[in-house]
2 protein chains.
Amino acid sequence: MVTLADVARHAGVSASTVSYVLSGKRSISASTRERIRRSIDELGYRPHAGARALASSRTHILALMMPLRTDLYVPVMMEIAMAVTTAARAHGYDVLLLTGEEGPEAVRRVEGSAIADAMIVMDVELDDPRLPFLRQAERPAVLIGLPADTTGFTCVDLDFEAAGARCVDHLADLGHRQIAVLGEPPAVYARGTGFAERTLAGLRAAAAGRRVGLLHRPCEGTHAAVAATVGRVFEERPSTTAFVVQNETAVEPLLALLRHQGLAVPEDISVVAVCAAQVAAHASVPLTSVGVPAQEMGRHAVERLVAHLDGHEDTGTVLIAPDLTVRGSSGPVAVPAPPPGRTERAGRGHSG
Amino acid sequence: MVTLADVARHAGVSASTVSYVLSGKRSISASTRERIRRSIDELGYRPHAGARALASSRTHILALMMPLRTDLYVPVMMEIAMAVTTAARAHGYDVLLLTGEEGPEAVRRVEGSAIADAMIVMDVELDDPRLPFLRQAERPAVLIGLPADTTGFTCVDLDFEAAGARCVDHLADLGHRQIAVLGEPPAVYARGTGFAERTLAGLRAAAAGRRVGLLHRPCEGTHAAVAATVGRVFEERPSTTAFVVQNETAVEPLLALLRHQGLAVPEDISVVAVCAAQVAAHASVPLTSVGVPAQEMGRHAVERLVAHLDGHEDTGTVLIAPDLTVRGSSGPVAVPAPPPGRTERAGRGHSG
DNA sequence: ATGAAAGCGCTAACAG
DNA sequence: CTGTTAGCGCTTTCAT
């Protein structure tokens, strides 16, 4: 193994000089700097991570806590993880993957063993059990998601409230007066994930402002559950002309159901999604949607953390502005509004 | 920060004794061991990862190289990553996440900086550029997937050849004589991923043995591509009565298309998938399938690596036996075989 | 602009 | 069964 001492000997300088060339923490004459660089390349030297961590109290590792749960859309989690890793590498950091399984204990482990310089926590719940430990930890943390109390943390998330409002505004602009919301499964609301509620708040506020009716129903992503939920929606609000879906797994079942009921999208009924762009774009009917900016979230999280580690204190919440992409699943409400043809007799979408 | 020295002082012993209690590498009297354990708990001591790594040349970290590509089914990657992380924790290891982005350079980095004790490489191609570097590395590696030359590595994968054979046997047993295979997109075959070819080899061998016709077509996962491919399949082999799909994203488009053409599954046509169990189980028609044992693969990979690190030399390939789960998308071929009703005129599945 | 030297916290001989 | 001690490879004062 090539050590710093080897490089120093090879370049005819002291170890500290090599170290300083690497860290750039003091000025080195151009000539020796070049000589040392050459030695480094020639010998194929790489600093020993452990030694460096021990001496400097900096591991250049960020810990990423992933949820173990599977009721959230996995590809988005993965995209965030990849974005975090890529952004981290761009700043000279590596990423340690932790599963939610260990829970708060993972925080103590990272803290106690100094195995990472900072933590990124995904799938944060409103009253997350990890937060107290994170607060009393030495290391900075960025939360992806918004807990009830954000004191002491930097949080990064999509502005789901604005996203909800954006959906309603878009549909209201198209003339829709009665909107149904197909939400995440009840379990997601129950465990206080926050984003679902925030979206709902935005939807409701905008609906009130625009004087359109809003009916919200949590929903599992199975064909059966979607059929049942949509059935009840049409019973309660027969004048529904648009759906907002916030549940990746419910997207296809919903589209299949509407098709099966002879309702054409967007001629008879509009559908807008709050979901991963990929899901919206590749659905059997490309969906107008507000995407979850996974890449951006991952990147922001890392950059905040790196800034903090570099001494630029900057706690605070980053809410990423929603972006609504029109893809053709939303259109003007039919005039006169067609009665929802919900039985087998109906043919394919005619709007008159 | 609490150090080993603090614990030693608190327990009234020497540092080495504490170290040995932790590692169990030499016998300690029950009384002092207990005393030390108590001190450790009381002080909340955790070994400093960097110091330990420096002194012992063991980081207790496994590096996991994930593909950055998105043409493979993401949830399976994620499931493997989670299984790896969980299994690693169970053996006292943490997992460092590396993206394929860095390519072979990542291998050199891990090797040179001694940031991990071993590597797990996912999405291995037949002639993977990382393998030469991995071979000359000090640290052991486990590949998830099978390269052309497995010399020097432990490889873990599903026995895709057996999986393919299993599908053909299942369908042949049901009386099918002409099977079509909807494969991964051409790009997956082109870059030499191996598993796709191995599945095909298994399908072909079994088909030859059972004297059933086999037509294989790579296919993108879009509705348009599936429609085009299936159309050509029926033109070339009108007597096709069963499909084997190995492409998660093509599953729903295929089912939708068959439905739209008035072909009932499994009455008119059988469908068997080689894909993630979750996809098969939650498809609009639950699919008979051979699942990808992601959990098992991740676990095996870690266990092999840990065994190797513990000195139990055990290089070799682990091919996990396929498991075909019957879910109702496969059935006996209709007698007499129905002509595929591929045009709009056809009603819903009647077999006469 | 460069060197010398003292650790960082832990492990593993080497002694007893 | 336990203690002493010499590093592991690097960073960072303190000198010059």
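Lettering of chains follows the sequences in order, A, B, ..., and the numbering in each one begins at 1.
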Exercise answer: donor-acceptor pairs, residues 112-119 of chain B side-chain atoms, under 3.5 Å, sequence neighbours excluded:
from	atom 1	to	atom 2	distance (Å)
B:S113	OG	B:R109	O	2.7
B:D117	OD1	B:T59	N	2.7
B:D117	OD1	B:T59	OG1	2.9
B:D117	OD2	B:T59	N	3.2
B:D117	OD2	B:T59	OG1	3.4
B:D117	OD2	B:H60	N	2.7

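Residues of residues 34-42 of chain B having a heavy atom closer than 4.0 Å to DNA chain D: none are found.
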Set out, in order, the CA-CA distance, both residues' side-chain angles and the distance that settles salt bridge (Lys or Arg N to Asp or Glu O under 4.0 Å) for A:D6 and A:R9, then state yes or no. CA-CA 5 Å; A:D6 295 332; A:R9 205 170 309 125; 3.3 Å; yes
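Contacts of B:S14 classified as side chain to side chain donor-acceptor pair (under 3.5 Å), with partners at least two apart in sequence or in another chain: B:S16, B:T17. A search for ring pair (Phe, Tyr, Trp, His ring centres under 6.0 Å) contacts involving A:F195 returns A:F160, not counting sequence neighbours. With sequence neighbours left out, the side chain to side chain contact (heavy atoms under 4.5 Å, CB included) criterion links A:R33 to A:V21, A:I28, A:A30, A:R37. In this structure, the side chain to side chain donor-acceptor pair (under 3.5 Å) partners of B:S39, at least two apart in sequence or on a different chain, are B:H10. Legend: residues meeting side chain to side chain contact (heavy atoms under 4.5 Å, CB included) with A:R135, ordered by chain and number and at least two apart, are A:L131, A:D149, A:T151, A:F153.
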Reading nucleotides 9-16 of chain C from 5' to 3' and marking B where a protein heavy atom lies under 4.0 Å of the base, S where only the sugar-phosphate is that close, and - otherwise, the string is BBBBBB--
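Residues in residues 101-127 of chain A take part in no ring-ring contact (aromatic ring centres under 6.0 Å, His included) pair, two or more places apart or across chains. Within the structure, every pair that satisfies the salt bridge (Lys or Arg N to Asp or Glu O under 4.0 Å) test and touches residues 46-60 of chain B, not counting sequence neighbours, is listed here: A:E105-B:R46.
The two residues B:V188 and B:T193 come nearest to each other via the heavy atoms O-OG1, 2.7 Å.
In this structure, A:T32 reaches the sugar-phosphate backbone alone: every heavy-atom distance under 4.0 Å involves primed, P, OP1 or OP2 atoms, never a base.
Ion pairing between A:R191 and A:D123 holds under the 4.0 Å rule for side-chain N and carboxylate O. Ionic pairing of B:R89 and A:E102 is present here: one or more N-O contacts between side-chain nitrogen and carboxylate oxygen are shorter than 4.0 angstrom.
A nucleotide of DNA chain D counts as in contact with chain A when one of its atoms lies under 4.0 Å from a heavy atom; the first and last such, 5' to 3', are D:dG9 to D:dC14.
Within the helix from C:dA1-D:dT16 to C:dG16-D:dC1, the inter-axis angle between the opening and closing five-pair segments is 30°, rounded to 10°.
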